[in-house]
Amino acid sequence: MARYILRRLATMLAALWLIITLTFTIMHIAPGGPFASEKKLPPAILDNINARYHFNDPLWKQYTDYLGNLLQGDLGPSFKYENRTVNGIIKDGFPVSATLGCLAISLAILVGLPAGIISALRRNRWPDYLSMFLANLGFSVPGFILAGLLMYVLAYRLDLLPPAMWGTPRQAVMPALALSALPMAFLARLMRSSMLEVLGQDYMRTARAKGLSERLAVWRHAVRNAITPVISYLGTLVATIFTGSFVVENIFAIPGLGRYYVASIGDRDYTVILGVTIFYAAFLMLMNFLVDLAYMFIDPRVRLVDRKEV
Amino acid sequence: MLFKQRRFLGLVCIVSVMALILTGCGGPSGPKETAGQQIIRYNASAEPQTLDPGMATGIPEMTIINAMFEGLTRYNNKNEPAPGIAESWTISPDGLTYTFKLRDARWSNGDPVTAQGFVDGWLRALDPKLASEYAYQLYYIKGAEEYNTGKGSDKDVAAKALDDKTLQVILKAPSPQFLGLTSFQTLFPVNSKVVSAHPDWIASPENYIGNGPFKMVSWDHNQVIKCVKNPNYWDAANVKLDELHFYLVDNNTTGFNMFKAGQLDIQYNVPIQEIAGLKGNPEFKIMPNMSSYFYRFNVTKKPFNDPRVRRALALAIDRQAIVRDVCKGEQLPAYAYIPFGVPEPGGGDFRKTGGDFFREDLDQARELLAGAGYPDGKGFPAVSIMYNNNDQHKAIAEAIQAMWKKNLNINVTLQNKEWQTYLNDMQNLNYDIVRASWTPDYMDAMTFADMFVTDGGNNLTGWSNKEYDRLIDAAKSTDAGNPKARVEDMHRSESILMEEMPIMPVYFYTQPILIKSSLKNVIIPPFGLEAEFKWAYVE
C-alpha cells in the first residue's frame with residue numbers, strides 16, 4: 001500500500017508539472033499582458049515596468065525562476081493587485097469559498113441522495129416524477145439565472161434576506177442554495193440510476209429471500225452498493241465546489257477564490273493564473289486520491305496495490 | 001455485520017474529512033450595527049488594484065485615495081482647483097515657476113506635512129525602480145522625464161523644498177493644466193518615515209498614513225474598506241461624516257439590489273436595463289461625464305484611406321436614435337470630438353465656443369460615397385467593426401451596422417473581441433473600424449487634442465496631418481504662455497480632425513447614478529474621480 005501511495009504521489013507531481021508548463025505556455029501565447037491598458041503607456045515607462053517585473057528575461061528563465069520559487073512555496077506577487085501576493089489571495093479567498101462549498105455540498109448530499117433513493121424505490125410514481133422534474137430543472141437552469149432569481153425573489157421582492165456580501169449566516173443562505181442546485185440535481189439522478197441497477201441484482205432477491213426486512217435489504221445491500229459511483233463523483237465535486245464559483249461569488253459579492261479563475265485570465269495576471277490553476281489541480285488530485293482510498297472501505301474487492309504485486 | 005457497519009462509518013468519516021479538513025468550516029461573523037452616526041456607504045465597484053497614490057491609475061482607486069490624501073490643491077464644487085495643503089501660490093510671469101506656501105497640516109499619525117513630503121512623494125513616483133505607470137503625469141516638471149527614463153538623476157528634478165512650508169517647482173514649458181494636476185493622486189505627498197519603516201504600508205490599515213479628511217480602519221478584500229474621520233486633518237472642522245465605507249461590489253446589478261435593499265447609499269454604475277424603470281425616481285440622477293465615445297477608422301487601409309469614405313460613414317448614422325434607444329442615459333449626440341465641460345480662458349466652455357462641425361446628412365453621405373467610387377455602396381470592400389466584449393458596445397455596433405446598411409447600402413460585419421485581444425489589435429492597427437472612448441487626464445482640451453498627433457501613442461488610426469501637428473506643437477510651446485492663442489490652436493486642430501475624420505464621434509458620456517435623497521454635498525465631478533466626500537453629510 002505504501003508503494004501504491006508513493007507511486008500515486010509521483011504521478012500527481014508529474015501531472016502537476018505538465019499542467020504548470022502548459023498553462024505557462026498558453027498564457028504567454030495569448031496577446032496582451034498584465035499592464036496593457038486603453039491609454040497606451042510611453043515606451044520608457046513600459047521599460048521600467050518590464051525591468052521591475054523581469055518581463056525582459058527570456059521566457060525559459062521566467063519559467064525556471066517561477067518553478068524555483070514554487071518549490072519554496074512562493075507563488076509570487078500579483079501583477080494586477082500591487083500589494084498582494086498570490087499566496088495571500090489564496091489564503092484569503094479559499095476559506096471563504098470552502099465554507100460556502102461545504103454548506104452547498106452538505107445541502108446537496110442531504111437532499112440529493114434521499115431524493116435519488118426515494119425516486120428509485122418509488123419508480124414511475126409521483127415522488128419519482130416530482131424529484132426528477134426538480135432535478136432536471138436544477139440541471140438545466142444556469143447558475144447565474146438561479147442566483148439572479150433567488151436574489152430577486154428572496155431579497156428584492158420578499159425582503160427576507162440581505163441581497164449580497166459575506167459575513168453573517170443569513171448572507172450565506174442564497175449563495176449556498178444557488179451553488180448546491182447543480183450537484184444536488186446530479187447526485188439525485190446518479191443515485192437513482194445506480195439504485196435501480198442494484199435493485200435488479202440477484203443478491204437483492206437473495207437478501208429478501210433469506211428473510212431480511214425491506215428496510216434492511218435496502219439500507220445494507222442496495223444503498224451501500226449503489227453509493228460507489230456517487231463517491232467517485234464526490235471527489236471531483238468537492239474540488240470544484242470548494243475552490244469557488246465565479247458566477248455565484250460575483251453575483252453575491254463573496255470574497256472567495258472563484259472570481260480569480262476567470263478575472264485573472266482577462267487581466268493576464270500571470271502569477272495569479274498559474275497560482276490558482278496549480279492550487280485547483282493539486283486539490284482535485286488530492287480529492288481523487290482520497291476517493292480511491294475511500295473505496296477500500298466501501299468495497300472489499302478493491303485493494304490498493306500495484307498490479308505487479310498482485 | 002458490526003464490523004461492516006464500522007467500515008461504512010469509516011467511509012462517512014473520510015467524506016466528512018474531505019468536506020471539513022481543509023476548510024475549518026468556520027461560521028461567518030456578523031458586522032456590528034451603528035446608529036445615529038453620519039455614515040455614507042458608497043459602492044466603489046471593484047477591489048482597488050492598489051491604494052498607493054504613486055502607483056494607482058484607476059478612477060475608482062483615485063476616489064478612495066482622494067478621501068484619505070490631499071495634494072497642494074483640491075477640486076471644489078465648482079470644478080476648480082482650490083487651496084488644499086497649499087494655502088496660496090504664485091506663478092512666475094513666464095508661467096514656469098510655481099511657488100506654493102503650505103499651511104500647518106498634519107498626517108493622520110500627527111507628523112507635520114512638509115514641503116519635503118511632496119518632493120519625496122514625487123521623486124518616489126518618478127523612481128524608475130518603482131515603475132509607476134502614471135509617472136508621466138509628472139513629466140511637466142523640469143528634469144522629471146529624464147530621471148524617470150534613466151537619463152538624469154533625482155537631484156535634477158526641479159521640485160525643491162525651500163523650507164518646511166515653501167515648495168518651488170519649475171516646469172519645462174508653461175502648462176496651464178499643472179495647477180489642477182496638483183490635486184491628482186500621482187502628485188500627492190507621502191510620509192517618508194512611514195514608507196521607509198513599513199515597505200508594505202499600503203496593505204495594512206494601521207500604516208496607511210494619509211493627510212486627507214478620512215483615515216482607513218479596515219480593508220476586507222473584495223468586501224469593504226472602512227474609513228473614519230481623520231481628527232488630524234487641517235480642515236477637520238468642516239468634515240461632518242463620522243464614517244465613510246467604500247464597498248467593493250463589482251457586479252452592477254448586485255450593487256443596484258443592495259442600494260434598493262438599503263445596504264448602499266450610492267451606486268455609481270447603474271445597470272442599463274434598470275434605467276427605464278428609474279425615470280422620475282428622485283434617487284436617480286444623471287450627472288455630467290467629460291468623456292467621448294467614438295469609432296476609429298484605420299486610415300492606412302482601403303477604403304478608409306479616403307477621407308470621403310470616412311465622412312460619408314459619419315454622416316449616415318442617427319446619433320439621436322443611438323443615445324435614445326440604445327444607451328438610454330441621456331448621453332449627448334456628438335458632432336465634435338471634445339466633450340462639453342472643458343473650461344476656456346475667460347470662463348467659456350470649449351465645446352460651446354467650438355460648436356458642431358457637421359450634421360447628419362444622407363444625401364451628402366451618398367454623394368461622398370459615390371465620389372469615392374462606391375455609388376450606392378457598390379464594390380465597397382468587406383470591412384468589420386471591432387469592439388470589446390460588452391453588451392452596450394455590441395448593441396451600438398449593431399445599430400450602426402443596420403444604419404449603414406439602410407442608408408448607404410454597405411455591409412459591415414461585427415467582431416467581438418476579448419478586452420486584451422481588442423487592445424492588442426487596436427494598438428497594432430489590426431482592424432478596419434474600432435469602437436473607442438477617451439476620458440480626460442486633466443481639465444484641459446489638450447488631454448483630448450494631443451493624442452492625434454503623428455505617431456502619438458494613443459492615435460492608433462495611422463492618421464497624420466502636418467498642420468495638426470504644428471498647431472498642437474505651437475499650443476505646447478510658442479503659444480503656451482498665451483492662453484488665448486493656445487486655445488485657438490486647439491480649436492483649429494479640432495476642426496482639422498473633424499474635416500479629415502480619422503475618427504467618427506458618436507456621443508458624449510453622462511453618468512447615471514443612484515444616490516439616497518438624504519445625502520448632501522456629495523460632489524460627483526465630471527472627470528478624475530467618481531465622488532468627493534470631504535464636505536458630505538447625511539440629513
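Hydrogens, waters and symmetry mates play no part in the numbers below; they use all other heavy atoms, side chains included. Model, not experiment: these values are computed from the prediction. So you know, we letter chains A, B, ... as the sequences are listed, proteins then strands, and number each from 1.
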Which atoms of [X] come close to chain B, meaning under 4.5 Å heavy atom to heavy atom: side chain ones, backbone ones, both, or neither?
{"X": "A:Ala164", "result": "both"}
{"X": "A:Met165", "result": "both"}
{"X": "A:Ala51", "result": "neither"}
{"X": "A:Arg170", "result": "neither"}
{"X": "A:Leu41", "result": "side chain"}
{"X": "A:Asn50", "result": "neither"}
{"X": "A:Asp159", "result": "neither"}

So which residue, [options], ends up with the most heavy-atom pairs under 4.5 Å with chain B?
{"options": "A:Asp92, A:Ile89, A:Asn250", "answer": "A:Asn250"}
{"options": "A:Met151, A:Arg84, A:Glu249", "answer": "A:Arg84"}
{"options": "A:Ala30, A:Ser37, A:Gly101", "answer": "A:Ser37"}

Q | Electrostatic pair B:Arg435:A:Glu38 at N-O distance under 4.0 angstrom | A |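 A salt bridge links B:Arg435 with A:Glu38.
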Q. Should A:Arg259 and B:Glu47 count as an ion pair when the cut-off is N to O under 4.0 Å?
A.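 Here A:Arg259 does not pair with B:Glu47 in a salt bridge, since their nearest N and O are not under 4.0 Å apart.
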Could you check if a side-chain atom of [X] sits within less than 4.5 angstrom of a side-chain atom of [Y], using non-hydrogen atoms only?
{"X": "B:Thr253", "Y": "A:Tyr152", "value": "no"}
{"X": "B:His221", "Y": "A:Pro255", "value": "no"}
{"X": "A:Phe35", "Y": "B:Thr57", "value": "no"}
{"X": "A:Glu82", "Y": "B:Met55", "value": "yes"}

Testing the basics here: between [X] and [Y], what is the closest heavy-atom pair and its distance to 0.1 Å?
{"X": "B:Gln420", "Y": "A:Gly32", "answer": "OE1-CA, 3.1 Å"}
{"X": "B:Pro48", "Y": "A:Tyr81", "answer": "O-CD2, 3.5 Å"}
{"X": "A:Asn83", "Y": "B:Thr50", "answer": "OD1-OG1, 2.8 Å"}
{"X": "A:Arg52", "Y": "B:Leu130", "answer": "NH1-O, 2.7 Å"}
{"X": "A:Arg268", "Y": "B:Thr421", "answer": "NH2-OG1, 4.1 Å"}
{"X": "B:Gly457", "Y": "A:Lys40", "answer": "O-CD, 3.2 Å"}

Please look at [X] and chain A and tell me whether the side chain, the backbone, both or neither of the residue comes under 4.5 angstrom of a heavy atom of that chain.
{"X": "B:Lys129", "result": "backbone"}
{"X": "B:Asp441", "result": "both"}
{"X": "B:Glu418", "result": "side chain"}
{"X": "B:Asp200", "result": "neither"}
{"X": "B:Ala261", "result": "side chain"}
{"X": "B:Gln263", "result": "side chain"}
{"X": "B:Thr439", "result": "both"}

Q: Enter the distance from A:Asn48:CG to B:Ser132:OG here, rounded to the nearest 0.5 Å.
A: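 Atom-to-atom, A:Asn48:CG and B:Ser132:OG are 9.5 Å apart.
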Q: Measure the spacing between CD1 of A:Ile45 and CD of B:Glu133 and express it to the nearest 0.5 Å.
A: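 With rounding to 0.5 Å, CD1 (A:Ile45) is 8.5 Å from CD (B:Glu133).
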**Q.** Heavy-atom pair count under 4.5 Å with chain A, highest-scoring of B:Ala56, B:Ala436, B:Ala203, B:Ser437
**A.**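 Looking at each option in turn, the highest pair count goes to B:Ser437.
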(Q) I need the residue from B:Met258, B:Glu145, B:Met451 with the largest number of non-hydrogen atom pairs under 4.5 Å to chain A. (A)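 Heavy-atom pair counts peak at B:Met258.
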Q: May I ask you to check whether over 12 heavy atoms, not counting those of A:Lys39, lie within 6.0 Å of atom NZ?
A: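 Enclosed.
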Q: Give a yes or no on whether B:Asn428 atom CG has more than 12 heavy-atom contacts from other residues, nucleotides or ligands under 6.0 Å away.
A: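 Yes.
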(Q) Treating B:Thr149 as the side-chain partner and A:Ala44 as the backbone partner, does any N or O pair qualify as donor plus acceptor under 3.5 Å? (A)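 Side chain of B:Thr149 to backbone of A:Ala44: no pair is present.
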Q.
side-chain contact (heavy atoms from CB on, under 4.5 Å) for A:Phe252 and B:Val249? Distances and angles first, verdict last.
A. CA-CA 9 Å; A:Phe252 293 107; B:Val249 176; over 6 Å; no
